[in-house]
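Worksheet: one structure, shown below.
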Amino acid sequence: MDRFVVEGGRRLEGRVRVNGSKNAALPLLAAALLTDRPVRFRDVPDLADIRNMLGLLAELGCCRTDERLPAADPGAVTLQSVNETPSHARYEVVKTMRASICVLGPLLARRGRARVSMPGGCAIGDRPVDLHLRGLRSLGARITLEEGDIVAAAPPEGLRGETVFLGGPFGSTVLGTANVMSAAALARGRTVIESAACEPEIVDLARLLNAMGARITGAGSPRITIDGVPSLGGADHAVIPDRIEAGTLMCAAAITRGSVVLDNCPLDAMLAVADRLEAAGVRLEPTGGDDPLRCSCRVSCDRAPHPVEVTTQPHPGFPTDLQAQLMALLCIAEGNSVITERIFPERFLHVAELGRMGASLFRSGATVVVSGVRRLRGAPVMASDLRASASLVVAALAAEGTTTISRVYHLDRGYERLEDRLTALGATIHREREPG
Ligand code: EPU
């Protein structure tokens, strides 16, 4: 296992390009199961979760056809379903990555059957998939649970369009919307998803599906309409930039009172993030680019942050995936901030670790009061999930002295070579093997 060693107190300065989005790429890659034509993706990040998804798709007969091409475009991946017989996403794969559930809708729609190991809980909460199953059942699928696997079968005449309500106790479901939308693309007739997730990753998936020949309108709003088509073709699709990586880099720049230009920045998909960062005194200035989803943006901060209140919400609200990183920044604010988590109320594994670095945090249920301190101090800390790890890196960049962050494999699931990119901006951070 690897760990990071960070010497805090270096100001970040320079320019960095935001990578393609992990959470957009996972359901996009799974959508290649919906056709036997090649689907080419660009700007796919090189991450553990993406490699797991490509491995799973290969087991399902959907293989990379571009591996032997010269590495001129490292983010390019071409997939083609060459064997449509296998349909089992095994426990061994699903347990390493919950997002494996993304293959359920595409397999069911195209192959008429799917067997996907039921994802268990994870460090950030229980994470049920009942809404995915409810949605697919509405389209006519017969779904049972056998030996821990979700076993789904379409009726002999195929899935049929229906009105599907996807709201749950914590709002809609992102991957549930992806599954139902992908399946409905090949269903007979019209599907209307009510209380659909509005996340930019869903808009990107609809864009790919439409490029493949689907007829989808309304993605990005709570009502998505899908008119099913008999088959889908190939496409060439550039993955949207990662708004969570961009937000993490913004927090990193701000906590070091740095000045960093983010290129390929999806600012238009980050309005709630921009609102909270600006309230904290961080300056965000677009510096170029016509596309507000791929612009250049200077992030700078020259003082201790102001305290802010923030509540995580489904998009376009403040994303749960940036709650931990913003908390790290607010640890050194001048006053008391209040952070409430409304998507995953248990997603606070970073709180105790930030406390080891001298942060003053009081948690009550789904709310944390952050009393700003003048400085954080380096300490040995442990990464426990992807975004919690990112928050420890953000905190370590500003902490006095040395922080060692163990178990950074969590971080590697969602950030490509983060240590190299921060080093290029002036941070002192390196990766080493954990002793023993
Ligand atoms: N929920 C249900 N029933 C369901 C599905 C979800 O009650 O059938 C609940 C969840 O327990 C949660 C809420 O609904 O309280 C939202 O969960 P959602 O289904 O939207 O989460 P997801 O689709 O499984 C994606 C991202 C997560 C991100 C969430 C919320 C991917 C691969 N994962 O998960 O990303 O936190 O949406 O925005 O897209 C991360 O990148 O670190 C990460 C965890």
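The structure displayed is predicted, hence computed values, not measured ones. All ligand and atom numbering here is 1-based and tracks the order in the structure.
Sorted by chain then number, the residues whose non-hydrogen atoms approach ligand 1 to under 4.0 Å are Lys22, Asn23, Leu26, Ala99, Ile124, Arg127, Pro128, Val129, Asp130, Leu131, His132, Phe170, Ser172, Thr173, Val174, Leu175, Thr320, Asp321, Ile343, Phe344, Arg347, Leu386, Arg387.
Remark: the Ser81 side chain and the Arg111 side chain contain an N/O donor-acceptor pair separated by less than 3.5 Å.
The salt bridge (charged side-chain N to carboxylate O under 4.0 Å, His left out) analysis of residues 235-250, with sequence neighbours excluded, yields the pairs Arg40-Asp236, Arg42-Asp236, Glu201-Arg243, Glu245-Arg421.
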Anything under 3.5 Å between a donor and an acceptor, one on a side chain of residues 132-141, the other on a protein residue two or more places apart or in another chain? List them.
residue, atom, partner, partner atom, Å
His132, ND1, Asn179, ND2, 3.1
His132, NE2, Gly176, N, 3.4
Arg134, NH1, Phe165, O, 2.8
Arg137, NH2, Ile143, O, 3.1
Ser138, OG, Arg134, O, 3.0

Counting only pairs under 3.5 Å, give me each side-chain donor-acceptor contact of residues 261-268, with atom names and distances, residues two or more places apart or in other chains.
residue, atom, partner, partner atom, Å
Asp263, OD1, Arg15, NH2, 3.1
Asp263, OD1, Ser296, OG, 2.7
Asp263, OD2, Arg15, NE, 2.8
Asn264, ND2, Val18, O, 2.8

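Environment of CZ in Phe362: sparse, with no more than 12 heavy atoms of neighbouring residues, nucleotides or ligands closer than 6.0 Å. Atom CZ of Arg190 has 12 or fewer neighbouring heavy atoms from other residues, nucleotides or ligands inside a 6.0 Å radius.
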